[in-house]
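Report on the structure given below.
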Amino acid sequence: MAKRSHHAEPTELRPTKKSKSDDKHSASKDKKKRRNKKSSSDKENASSLIEQTGYSQVSGLTDLAQSQIDQFLEENTIKITDSSADAVQLRPIISFDYLPPCNEDLYAPLKSFPAPTPIQAATWPLLFAGRDVIGIAETGSGKTLGFGLPCLKKLLDSKRNKKPCHPAAVIISPTRELAMQIYDQLAKFADAAKAGVVCIYGGVRKDEQREALKTAAIVVATPGRLKDLQNDESVNLGKVKYLVLDEADRMLDKGFEQDIKDIIQPMPVSSRQTVMFTATWPPSVRELAATFMSSPVTVTIGGDPSADPRANTRIKQEVEVVDPRDKEGRLIQLLNRSQRAQNPDKVLVFCLYKKEAMRVERLIKTKGFRVAGIHGDLNQADRFRNLEAFKTGSATVLVATDVAARGLDIPAVKLVINVTFPLTVEDYVHRIGRTGRAGAEGHAITLFTEQDKGLSGGLINVLKAAKQDVPESLLKFGTTVKKKQHDAYGAFFKDIGTDKKATKITFDD
Ligand SMILES: Nc1ncnc2c1ncn2[C@@H]1O[C@H](COP(=O)(O)OP(=O)(O)OP(=O)(O)O)[C@@H](O)[C@H]1O
């Protein structure tokens, strides 16, 4: 569909307010008249909708009462802000029955789910209609299929250019493990879409990846390796028509910004649909995001995107203010509680630094618990193996740096323990989001010390927004939210005491 002007005033889609003519008396008077009018105007609307958007909303969805749509939008706190002047309001796909027709059996793997999640319901019609979309929803809310299903359908519907090494869709993720996970999810659907998917990440040999790129329609990748393969002409991104930045705020921070610009540069703007999904959307990245998109629609689930980052409300968050010297003792006490049972719970322990993670892992091992580790100093094979051990339960404690903070969907993580607070409150929201996924309950315990006090205000806001208790001992550090002190949002910088020997945190290539 044609891209629209950048300069339109945004329009918002919220549940429509009842007009005066909807009151009881006029409602009964007008009912019959409206019913007659409705069927013909629905048909007209449906065909003009296809004309305007290229998306065919199924009649079952068109026939639903507006009140049902309004109720869905309201119950799920869905806010849709469209920056296009001629915005067309598309109804959320509130049931899989209302997915647009598709020749192949693309939707078969959805059978295991009861209904689309709110972010899927709200973004699918927009994505099917070819719009650029920013999707913001809590951790574990099904964002991967939110952007993945329309991607597959788009490829299925289009006459794809089958030139070797010219993929039609690129999905970029900040870590290798997350790229692999997205790949696994899409691979379940990709056969039906007859679209080859390849996963491209650093830390392993390039030859196989080069070979797979010859036939792949969809590339899931971490930025550094994709850029390498682009530079040596193993892949040409000139025919990409669907681009996704998953964990978009991380992809747009200073650590990745240049790589992303280089990767996107050859992708044709006029025919490219650009999609960004995330659970946190700090103001610092929004301007840059806009430069990659054409009149995007922003879909937010669960609250205003301009507010503080929001944690998933099903996670019980506890914060304990402790002396730094007591952290490891307290960690072991907490693990004793969860690991001594016959079926120990899965616990994810976050540290800030690689050396710290290694030390903590050793400590936990000496206590006899089944522990594995994941951080940037391990080779890729060990990283995958240790994550797998945790997923399958052969290790019940995983000690990780922020390389595991985002996106990883590990079944049944009961508890997240933050041994050292992350660099930003956004990272905190992602870390604790490894529990309480896909509608489950979760639990997070954070050991907070005086050294972290610069982030107390932001943390307090996250706790309050999720209606969690705020301990007095945390309040005493102050409620002011400090402006970010460094351009490199969240990734590389923290004002730390000299007693801590910082290892630069690096992300994946
Ligand atoms: N419609 C659905 N109903 C129920 N579960 C679903 C549905 N869609 C996806 N899921 C499952 O929900 C889990 C979380 O999904 P996903 O990993 O996409 O979350 P996310 O929103 O990307 O999280 P994060 O912000 O942490 O990256 C996955 O196990 C996925 O299979």
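Keep in mind that the numbers below use all heavy atoms, side chains included, and drop hydrogens, waters and symmetry copies. Atoms within each ligand, like the ligands themselves, are counted from 1 in listed order.
Interface atoms of ligand 1 facing Glu138, defined by a heavy-atom separation under 4.0 Å, are 21 (O). Distances below 4.0 Å separate heavy atoms of Arg437 from the following atoms of ligand 1: 14 (C), 16 (P), 17 (O), 19 (O), 20 (P), 23 (O), 24 (P), 26 (O). Near Arg434, the atoms of ligand 1 lying under 4.0 angstrom from a non-hydrogen atom of the residue are 26 (O). Taking a cut-off of under 4.0 Å to the non-hydrogen atoms of Glu247, the atoms of ligand 1 that pass are 27 (O). Short contacts between ligand 1 and Ser141, defined as distances under 4.0 Å to a heavy atom of the residue, involve ligand atoms 19 (O), 20 (P), 21 (O). Set against the non-hydrogen atoms of Thr144, the atoms of ligand 1 under 4.0 Å away are 16 (P), 17 (O), 18 (O), 22 (O).
Nearest protein heavy-atom neighbour of atom 1 (N) of ligand 1: Ala115 O, 2.8 Å. Looking at atom 8 (N) of ligand 1, its nearest protein heavy atom turns out to be Gln120 NE2, 2.9 Å. At the top of the distance list for atom 28 (C) of ligand 1, counting protein heavy atoms only, stands Asp409 OD2, 3.0 Å. In terms of protein heavy atoms, atom 12 (O) of ligand 1 is closest to Ala438 CB, 3.4 Å. In this structure, atom 30 (C) of ligand 1 lies nearest to the protein heavy atom Gln185 NE2, 4.0 Å.
Counting heavy atoms closer than 4.0 Å to ligand 1, residue Thr139 contributes atoms from both its backbone and its side chain. At a heavy-atom cutoff of 4.0 Å, ligand 1 is contacted by no atom of His430, backbone or side chain.
Side-chain contact annotation: Lys316 with Gln468, donor-acceptor N/O pair under 3.5 Å absent. Side-chain contact, Arg176 with Gln380: a donor N or O sits under 3.5 Å from an acceptor N or O.
The environment of Lys414 atom NZ is sparse: at most 12 non-hydrogen atoms of other residues, nucleotides or ligands sit within 6.0 angstrom.
Between the side chain of Thr222 and the backbone N or O of Gly224, no donor-acceptor pair lies under 3.5 Å. A distance-only check finds a donor-acceptor pair linking the side chain of Arg314 to the backbone of Gly436 [under 3.5 Å]. Listed for the Asp132 side chain is a donor-acceptor partner under 3.5 Å among the backbone atoms of Ser294.
With atom 5 (N) of ligand 1 as the reference point, the heavy atom nearest to it among Phe113, Phe277, Phe147 is part of Phe113. Across Gly439, Ala405, Gly140, Gly142, heavy-atom proximity to atom 24 (P) of ligand 1 is greatest for Gly140. With distances taken over non-hydrogen atoms, the option nearest atom 22 (O) of ligand 1 out of Arg406, Lys143, Gln181 is Lys143.
Phe147 and Phe277 have perpendicular rings, their planes meeting at more than 60° on a 0 to 90° scale where under 30° would count as parallel.
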- Begin with the C-alpha distance, continue with both residues' side-chain angles, and end with the deciding distance and a verdict on side-chain contact (heavy atoms from CB on, under 4.5 Å) for Ile136 and Ile301. CA-CA 6 Å; Ile136 305 158; Ile301 313 294; over 6 Å; no
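Under the 6.0 Å cut-off for aromatic ring centres, Tyr428 and Phe421 qualify, their centroids lying closer than that.
A salt bridge does not link Lys143 with Asp246: every distance from a Lys NZ or Arg NE/NH1/NH2 to an Asp or Glu carboxylate oxygen is 4.0 Å or more.
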